[in-house]
Amino acid sequence: MRRTLSALAVVSLLATTGIAQASAAQGHGARVLDVMTFNIHHAQGTDDVLDLQRIADVVTESGADVVGLQEVDNHYSGRSNWTDQPAELAAMLGYHVVFGANIDNNPPTAGGHRIQYGTAILSRYPITEWDNTWLFKSPGQEQRGLLHATLDVRGKACTSTAPILPPARRPTVSTRPRNSST
């Protein structure tokens, strides 16, 4: 999974570099786009405290223009106080947002909000298009997805993705000695 995420980071950097180079070549000056990815674990920290403001503070301190978020709740359950985390974070930050539901269940009561869990993209720049693609799911696994958005970065179209990938398979470890003389 690290290799995949590293590859996505490199692709994001190359896309950003391409925007900067094209802009500089046209005499408009470089356009730098700071990109961040963040698994927010439904805003529950390692101290087990649910704190959406803490997530917003981390994003603010990073200076990121675009943030791909994983493990985001949208009226999902009591674990996140049934909140619309993408909308609340966007409001706290003054960013644009799109949300891709990878788990999408009917409301618990008629007329209520759908129960959703997935990925989000926060952006300082307007989001002009977006879609969410569900990835292959093996039996018994949680649905994963790839959220894709097109941003209008000072008149230039720029794409951003926020994947949530399945956990990497761990290598099988044998506890049997390699050479046994018995």
Side-chain angles (χ1 to χ4, degrees), residues 1-26 28-47 49-76 80-81 83-102 116-133 135 144-168:
M1 182 166 74
R2 265 193 191 156
R3 286 184 186 158
T4 303
L5 293 177
S6 296
L8 289 171
V10 168
V11 169
S12 296
L13 288 174
L14 289 174
T16 303
T17 303
I19 289 172
Q21 289 175 343
S23 180
Q26 295 169 359
H28 300 294
R31 296 178 191 192
V32 175
L33 188 65
D34 291 318
V35 179
M36 174 181 172
T37 184
F38 192 178
N39 184 328
I40 67 167
H41 191 65
H42 63 270
Q44 181 178 337
T46 56
D47 58 1
V49 174
L50 183 72
D51 189 350
L52 206 55
Q53 183 61 55
R54 179 168 43 188
I55 303 299
D57 292 344
V58 170
V59 171
T60 298
E61 289 171 21
S62 77
D65 298 307
V66 181
V67 184
L69 301 175
Q70 298 85 33
E71 296 193 27
V72 183
D73 284 0
N74 183 13
H75 306 290
Y76 187 76
S80 55
N81 297 324
T83 61
D84 180 343
Q85 291 184 330
E88 286 193 23
L89 280 168
M92 289 175 183
L93 295 163
Y95 281 29
H96 304 271
V97 65
V98 291
F99 174 75
N102 297 320
Q116 299 177 321
Y117 172 78
T119 54
I121 296 175
L122 294 166
S123 172
R124 289 185 201 271
Y125 300 99
I127 299 169
T128 58
E129 295 178 38
W130 70 276
D131 63 68
N132 190 46
T133 303
L135 302 176
R144 305 296 176 148
L146 178 66
L147 180 60
H148 174 264
T150 302
L151 316 175
D152 178 355
V153 181
R154 297 182 214 120
K156 291 283 188 179
C158 179
T159 60
S160 179
T161 57
I164 181 133
L165 303 171

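- At least one donor-acceptor pair closer than 3.5 Å links the side chain of T128 to the backbone N or O of T150.
- Atom CG of N39 sits about 9.0 Å away from atom CG of L69, to the nearest 0.5 Å.
- Across I127 and A149, no two heavy atoms sit closer than the pair CG2-CB, 4.0 Å.
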For a side-chain contact (heavy atoms from CB on, under 4.5 Å) check, start with the C-alpha distance between M92 and V59, then their side-chain angles and the critical distance, and finish with the verdict.
CA-CA 10 Å; M92 289 175 183; V59 171; over 6 Å; no
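- Nearest approach of V72 to F99, heavy atoms of both residues: O-CE1, 3.7 Å.
- Atoms NE2 and CG, from H96 and L122 in turn, are 11.0 Å apart once rounded to the nearest 0.5 Å.
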Determine, stepwise, if the pair W130 / I121 fulfils side-chain contact (heavy atoms from CB on, under 4.5 Å).
CA-CA 10 Å; W130 70 276; I121 296 175; over 6 Å; no
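- Closest non-hydrogen pair, V97 versus A120, comes out as CG2-CB, 4.4 Å.
- Residues meeting the ring pair (Phe, Tyr, Trp, His ring centres under 6.0 Å) test with Y117, sequence neighbours left out: Y76.
- N132 contributes atom CG, which lies 7.5 Å from atom CG of L146 (distance to the nearest 0.5 angstrom).
- Once rounded to the nearest 0.5 Å, the distance linking CD of Q70 with CG of N102 reads 10.5 Å.
- Taking OG1 of T119 as the start and NE2 of H148 as the end, the distance is 12.5 Å to the nearest 0.5 Å.
- Across all their heavy atoms, D65 and Y125 have their closest contact at CB-CE1, 4.0 Å.
- Summarising the geometry, atom CZ belonging to R124 is positioned 10.0 Å from atom CG belonging to L33; distances are rounded to the nearest 0.5 Å.
- Between L50 and L52 there is no side-chain heavy-atom pair separated by less than 4.5 Å.
- The side-chain heavy atoms of D51 and D57, taken from C-beta on, include no pair separated by under 4.5 Å.
- Of the possible donor and acceptor atoms, one in the side chain of D47 sits under 3.5 Å from a partner among the backbone N and O of V49.
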Using the rule given for side-chain contact (heavy atoms from CB on, under 4.5 Å), can you reason through L93 versus T60, listing the C-alpha separation, both sets of side-chain angles and the distance that settles it, and then say yes or no?
CA-CA 7 Å; L93 295 163; T60 298; 3.2 Å; yes
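- Heavy-atom minimum distance, I40 versus Q85: CD1-OE1, 4.0 Å.
- Listed here is the closest heavy atom pair of C158 and V153: CB-CG2, 3.8 Å.
- Checked against ring pair (Phe, Tyr, Trp, His ring centres under 6.0 Å), H42 has no partners two or more places apart in sequence or in another chain.
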